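These notes are about the structure you will find just below.
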Amino acid sequence: IVSWNALITGHAEYEQYDEVLSFWMEMQMAGIAPNTATCVRILQACSVLEEADRGQESHSEVVHRGFENEFFVSNTLVDMYSNCGLLEDSQNVFSKISVRDAASWNALIAGYSGHQLEKETQNVLWEMHCEGVSPDSITFATLLKACGSTGAIDKGLDIHAQILKKESEDLYAGSTLVDLYAKCGFLQESQYVFDKLSDRDVVCWNALISGYADKGLTEEALGCIEQMQCEGICLDPGTYVCSLQACGGVGTISKARELHADIVKDQFEAIPCVSSALVNMYVKNGFLAEACEVFDEQTSHDVISWTALIAGYVEDGNIEKVFNCLQKMHMEGVSPN
RNA sequence: AAACAUUCGUUGAUU
């Protein structure tokens with residue numbers, strides 16, 4: 001059991017959730033009983049992969065083992081159902097929790113607000129208030145994220161005001177605000193909130209860069225990178241992905257090549273989202289040969305990198321290559337979406 | 001001897 005758990009948590013930490021689930025299957029076949037830590041990891045994997053069916057199976061397993069009321073387990077169940085969009089189940093599990101903490105509430109709220117169910121979200125917030133639990137910075141970040149994904153700037157402003165009243169500044173809520181303003185097209189506000197954050201980490205930088213990239217402001221986006229380096233903040237894979245997105249326009253290819261070189265230096269080229277961002281960047285700039293080169297170096301291709309490459313050939317009018325790709329894609333067991 | 005856990009912020013293609 002110890003070594004199984006080591007395997008499972010190890011993979012979970014590296015975000016290899018598919019592996020978590022396949023180990024879990026092996027574990028079941030070997031007839032080894034999970035403990036609460038294993039169950040948490042498995043549910044987490046189902047949550048991230050939005051595997052509702054397997055989540056439900058695992059829920060029965062949890063009940064069968066008598067872990068249902070274990071503290072971490074029940075919160076993870078709420079999270080899993082929330083993430084999978086099974087909000088009734090989420091609510092059911094939540095209702096059965098005897099001692100609810102902020103995480104329980106936040107997981108439920110994330111489910112409702114993430115699925116744009118405003119009324120339900122408000123209801124939960126109200127219930128929370130009635131039970132004397134006040135929203136924390138995570139609650140705010142959750143609510144703001146929902147505003148960002150729908151571009152609901154009014155609501156975002158409202159929450160921003162509430163935060164200013166209550167919370168001392170918080171990095172999570174701060175980054176979400178940077179992101180929210182950027183997504184709604186208010187880049188100055190985004191920059192302003194960003195400037196006011198005292199401890200800036202890589203994620204809030206990335207949010208800012210992503211805002212500039214989205215609007216095609218290559219200079220600004222790449223300027224951020226320089227500043228980050230000055231401040232001694234390490235660029236992470238996300239930074240490169242955001243920055244590469246800023247390199248779609250004319251005259252950006254040389255900067256993009258520099259980024260590519262840095263990515264190689266930092267050994268991020270094998271990370272799927274980074275390499276597909278590279279493929280995409282070369283495609284957008286019309287360098288299909290280089291796109292292909294990066295693509296071929298990938299250890300495995302997912303739908304996204306296939307689609308990026310195919311889109312390039314379509315743009316190029318190279319029908320033959322398009323069909324070629326579709327065939328190879330099929331052979332690799334990747335189905336188009 | 002070993003795993004110790006849940007909620008939150010940024011990021012890839014197409015539509």
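All figures in this text were calculated on a predicted structure; none of them were measured in a lab. Proteins come first, then strands; the chains are lettered A, B, ... in the order of their sequence lines, and each starts at number 1.
Note on Ala103(A): a base of the nucleic acid sits closer than 4.0 angstrom, heavy atoms only. In this structure, Thr36(A) reaches the bases: a heavy-atom distance under 4.0 Å links it to at least one base atom across the strands shown.
One interatomic measurement links the two molecules: CG of Asn69(A) to C1' of U6(B), which rounds to 15 Å at whole-angstrom precision. Rounded to a whole Å, the NE2 atom of His59(A) is 15 Å from the C1' atom of U6(B). In this structure, CG of Leu77(A) is placed 18 Å from P of A5(B), rounded to the nearest angstrom. Here U7(B) presents its C1' atom at 16 Å from CG of Leu144(A), a figure rounded to the nearest Å. Straight-line distance from the CG atom of Leu108(A) to the P atom of U6(B): 19 Å, rounded to whole Å.
Residues passing the side chain to side chain contact (heavy atoms under 4.5 Å, CB included) test with Ala182(A) are Leu187(A), Ser190(A), sequence neighbours excluded. For Asp195(A), there are no salt bridge (charged side-chain N to carboxylate O under 4.0 Å, His left out) partners two or more places apart in sequence or in a different chain.
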Identify all side-chain donor-acceptor contacts of residues 278-288 of chain A below 3.5 Å with residues at least two apart in sequence or on another chain.
| unit_1 | atom_1 | unit_2 | atom_2 | d |
| --- | --- | --- | --- | --- |
| Asn280(A) | OD1 | Lys284(A) | NZ | 3.3 |
| Tyr282(A) | OH | His260(A) | ND1 | 2.7 |
| Asn285(A) | ND2 | Cys247(A) | O | 2.9 |
| Asn285(A) | ND2 | Met281(A) | O | 3.0 |

Check residues 214-229 of chain A and write down every donor-acceptor pair under 3.5 Å in which the side-chain atom is one partner and the other belongs to a residue at least two apart or another chain.
| unit_1 | atom_1 | unit_2 | atom_2 | d |
| --- | --- | --- | --- | --- |
| Thr218(A) | OG1 | Ala246(A) | O | 2.9 |

Enumerate donor-acceptor pairs with a distance under 3.5 Å from any side-chain N or O in residues 330-337 of chain A to protein atoms, sequence neighbours excluded.
none

Table please: side-chain donor-acceptor pairs of residues 306-327 of chain A below 3.5 Å, with sequence neighbours left out.
| unit_1 | atom_1 | unit_2 | atom_2 | d |
| --- | --- | --- | --- | --- |
| Thr307(A) | OG1 | Val303(A) | O | 2.5 |
| Asn318(A) | OD1 | Lys321(A) | N | 3.3 |

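Between Ser275(A) and Gln298(A), the side chains place a donor N or O and an acceptor N or O closer than 3.5 Å (distance only, hydrogens not considered).
The ring pair (Phe, Tyr, Trp, His ring centres under 6.0 Å) analysis of residues 104-139 of chain A, with sequence neighbours excluded, yields the pairs Phe94(A)-Trp105(A), Trp126(A)-His129(A). Sorted by first and then second residue, the ring pair (Phe, Tyr, Trp, His ring centres under 6.0 Å) pairs with a member in residues 70-91 of chain A read His59(A)-Tyr81(A); sequence neighbours excluded. Residue pairs satisfying the ring pair (Phe, Tyr, Trp, His ring centres under 6.0 Å) criterion with at least one member in residues 204-228 of chain A, sequence neighbours excluded, are listed as follows: Phe194(A)-Trp205(A).
Distances shorter than 4.0 Å separate some side-chain N or O of Gln44(A) from OP1 or OP2 on U6(B).
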Protein proximity profile, nucleotides 8-15 of chain B - base contact B, sugar-phosphate-only contact S, no contact -, cut-off 4.0 Å on heavy atoms: BBBBBBS-
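For the contact set between residues 312-323 of chain A and RNA chain B, defined by any heavy atom under 4.0 Å, there are no members. The stretch residues 211-233 of chain A has no heavy atom under 4.0 Å from RNA chain B, so no residue of it qualifies as close.
Between Asp262(A) and Lys265(A) a salt bridge is recorded (basic side-chain N to carboxylate O distance below 4.0 Å).
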